[in-house]
Amino acid sequence: MKITETPLQGVLIVEPAVFGDHRGWFMETYSSSKFKENGIDIEFVQDNQSYSATKGTLRGLHYQLNPKAQTKLVRCTQGAIYDVAVDIRKGSPTYSKWFGLELSAGNKKQLLIPKGFAHGFMTLTEDVEVQYKCDELYSPECDGGILWNDPAIGIEWPIHVTPVLSAKDEKAPLLKDAQLNFIY
C-alpha cells in the first residue's frame, strides 16, 4: 500500500498493492492494520455505493457537521470520476482550497477525506460506480452541502458540460453562506 500526501493536510491518496496473473488481479482495498502502520487510525462503520448512468453527473459538494462529521475512503469501481475535497475548516491555512484527483476502475486509486472537508465528484464516463467507507453513520440533521461551482472555491472540473445534479445539489449554498461548525 502506498500513501501519498496532498496539498491539503489529512487528504491522502491511497494506492493498494495490486497482484495480478493470467486470471486477472487481486487487491486489498482496506486493512486496518496497514492503515495504522501508516499512522491512520480509523474505524469505518458504514459502506456506501452509488451508481451514475450519465457522464457529467455531479454529486456534491457534501459534508456532515459535528458531532456526526465523517472521514471517507472513496474509490471508483467502474468507470472514472474526478473526485474533489474542499477544506471547510474555518481558520485553516487551506480554508476554501480544494484538491482533485481522477479515480477510476483502471488506476485503482482511493482518496481519504477527513472530517472538516466537503466532498464531491463528477463522472468522467458513463456507467460509473463509486464505493466509499465512512467512520460515522449518516445523520440527516447534520447533512450539509456547498454549491459545486462556487466561484470563491474555483474548482476546475475537467469536463465542461452542464452537470447532471440532484435538486438538493442545485440549491446548495455558497461556502460563505454555509452553516459550518468546523474550526481548525
Undergrad: Can you name the nearest heavy-atom pair linking K34 to E28, along with the distance?
TA: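 Scanning both residues, the minimum pair turns out to be NZ-OE1, 3.0 Å.
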Undergrad: Between K133 and D47, does at least one N-O distance fall below 4.0 Å, as a salt bridge requires?
TA: yes
Undergrad: Would you say the side chains of R59 and S52 form a donor-acceptor pair under 3.5 Å?
TA: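 Short answer, yes.
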Undergrad: Is K55 salt-bridged to E126, cutoff N-O under 4.0 Å?
TA: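 Here K55 does not pair with E126 in a salt bridge, since their nearest N and O are not under 4.0 Å apart.
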Undergrad: As an exercise, state the distance from CG of L112 to CD1 of I42, rounded to the nearest 0.5 Å.
TA: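 CD1 of I42 is found 4.5 Å from CG of L112.
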Undergrad: Same cluster for V86 and L65 if Ile/Leu/Val/Met/Phe/Trp/Tyr side chains link at under 4.5 Å?
TA: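 Yes.
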Undergrad: Nearest 0.5 Å, what's the CG-OG1 distance between L103 and T77?
TA: 11.0 Å
Undergrad: Any sub-3.5 Å donor-acceptor pair from N107's side-chain atoms to E102's backbone N or O?
TA: yes
Undergrad: Decide side chain to side chain contact (heavy atoms under 4.5 Å, CB included) for F121 and V84; before the verdict, give the C-alpha distance in whole Å, the side-chain angles of both, and the deciding distance to 0.1 Å.
TA: CA-CA 6 Å; F121 65 85; V84 173; over 6 Å; no
Undergrad: For a 4.5 angstrom cut-off between non-hydrogen side-chain atoms, does W148 reach D169?
TA: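 Counting from C-beta outward, W148 and D169 never come under 4.5 Å.
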Undergrad: Is there a side-chain contact between H119 and V74 in this structure, where contact means two heavy atoms from C-beta onward sitting under 4.5 Å apart?
TA: yes
Undergrad: Going by an N to O cut-off under 4.0 Å, is there a salt bridge joining D143 and K68?
TA: no
Undergrad: Quick one about Q49 and E129 (side-chain donor to acceptor, distance below 3.5 Å, no hydrogens or angles considered), yes or no?
TA: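 Present: a donor and an acceptor within the cut-off.
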Undergrad: Can you tell me how far CG of L165 sits from CD of E170, rounded to the nearest 0.5 angstrom?
TA: 5.5 Å
Undergrad: Kindly give the heavy-atom pair with the smallest separation between T29 and R75, and that separation in Å.
TA: CG2-NH1, 3.3 Å
Undergrad: Inspect the surroundings of NZ in K168 and state if more than 12 heavy atoms from other residues, nucleotides or ligands are less than 6.0 Å away.
TA: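 Yes, the 6.0 Å shell around NZ holds more than 12 heavy atoms from other groups.
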Undergrad: Taking all heavy atoms of A152 and all of S96, pick out the closest pair and write down the distance.
TA: O-OG, 4.3 Å
Undergrad: For the pair K115 and D135, find out whether any cationic side-chain nitrogen is under 4.0 Å from an anionic carboxylate oxygen.
TA: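 D135 and K115: salt-bridged.
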Undergrad: Contact between S139 and P67 at the side-chain level, heavy atoms closer than 4.5 Å - yes or no?
TA: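 They are not in contact (no side-chain heavy atoms under 4.5 Å apart), so the answer is no.
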Undergrad: Applying side chain to side chain contact (heavy atoms under 4.5 Å, CB included), run through L124 and I159 and close with a yes or a no.
TA: CA-CA 7 Å; L124 302 177; I159 56 177; 4.3 Å; yes
Undergrad: If you define the side chain from C-beta out and look only at heavy atoms, does anything of F117 sit under 4.5 Å from V11?
TA: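 Answer yes - side chains close enough.
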Undergrad: Once side chain to side chain donor-acceptor pair (under 3.5 Å) is applied, do any residues pair with T4, and if so which ones, sequence neighbours excluded?
TA: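 Partners of T4 under the side chain to side chain donor-acceptor pair (under 3.5 Å) test: none.
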Undergrad: For residues 38-60, pull every pair meeting ring-ring contact (aromatic ring centres under 6.0 Å, His included), keeping only residues two or more places apart or in separate chains.
TA: Y30-F44
Undergrad: Same cluster for I146 and Y95 if Ile/Leu/Val/Met/Phe/Trp/Tyr side chains link at under 4.5 Å?
TA: yes
Undergrad: Please answer whether the main-chain N or O of L8 pairs with a side-chain N or O of T94 as donor and acceptor at a distance below 3.5 Å.
TA: no
Undergrad: Does one hydrophobic cluster hold both F35 and I13, with members joined at side-chain heavy-atom distances below 4.5 Å?
TA: no
Undergrad: If hydrophobic clusters are built by linking Ile, Leu, Val, Met, Phe, Trp and Tyr wherever their side-chain heavy atoms come under 4.5 Å apart, do V128 and Y82 end up in the same one?
TA: no
Undergrad: For M27 and K108, run side chain to side chain contact (heavy atoms under 4.5 Å, CB included): C-alpha distance rounded to whole Å, both residues' side-chain angles, the deciding distance at 0.1 Å, then the answer.
TA: CA-CA 9 Å; M27 70 177 180; K108 298 176 182 46; 3.6 Å; yes
Undergrad: With rounding to the nearest 0.5 Å, note down the distance linking CD in Q46 to CD in Q70.
TA: 6.0 Å
Undergrad: Determine whether Q110 and P16 make a side-chain contact, defined as any pair of heavy atoms from C-beta on separated by less than 4.5 Å.
TA: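 In contact.
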Undergrad: Minimum heavy-atom separation for S104 and A80, please, with both atom names.
TA: CB-CB, 3.8 Å
Undergrad: Give a yes or no answer on whether the side chain of T57 reaches the backbone of M122 with a donor-acceptor pair at less than 3.5 Å.
TA: no
Undergrad: Find out whether T71 and C134 are in side-chain contact, i.e. whether some heavy atom of one side chain is under 4.5 Å from a heavy atom of the other.
TA: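 Side chain of T71 against side chain of C134, heavy atoms only: no contact under 4.5 Å found.
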Undergrad: Considering only heavy atoms from C-beta outward, does the side chain of D150 approach that of I155 to under 4.5 Å?
TA: no
Undergrad: Any non-hydrogen side-chain atom of I40 less than 4.5 Å from a side-chain atom of I3?
TA: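 Counting from C-beta outward, I40 and I3 do come under 4.5 Å.
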Undergrad: Under 4.5 Å between side-chain heavy atoms, hopping through other hydrophobics if needed: is there a path connecting F99 to Y132?
TA: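 Cluster IDs for F99 and Y132 match.
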Undergrad: Anything under 3.5 Å between a donor and an acceptor, one on a side chain of residues 175-184, the other on a protein residue two or more places apart or in another chain? List them.
TA:
{"from": "N181", "atom 1": "OD1", "to": "N66", "atom 2": "N", "distance (Å)": "3.1"}
{"from": "N181", "atom 1": "ND2", "to": "N66", "atom 2": "O", "distance (Å)": "3.1"}
{"from": "Y184", "atom 1": "OH", "to": "Q9", "atom 2": "OE1", "distance (Å)": "3.3"}

Undergrad: Using every non-hydrogen atom in the two residues, find where Q64 and Y138 come nearest and quote the distance to one decimal.
TA: OE1-CD1, 2.9 Å
Undergrad: So I113 and L12, side chain to side chain contact (heavy atoms under 4.5 Å, CB included) or not? Walk me through it.
TA: CA-CA 7 Å; I113 303 167; L12 303 172; over 6 Å; no
Undergrad: Nearest heavy-atom pair of Q78 and C76: which atoms, and what distance?
TA: O-SG, 3.3 Å
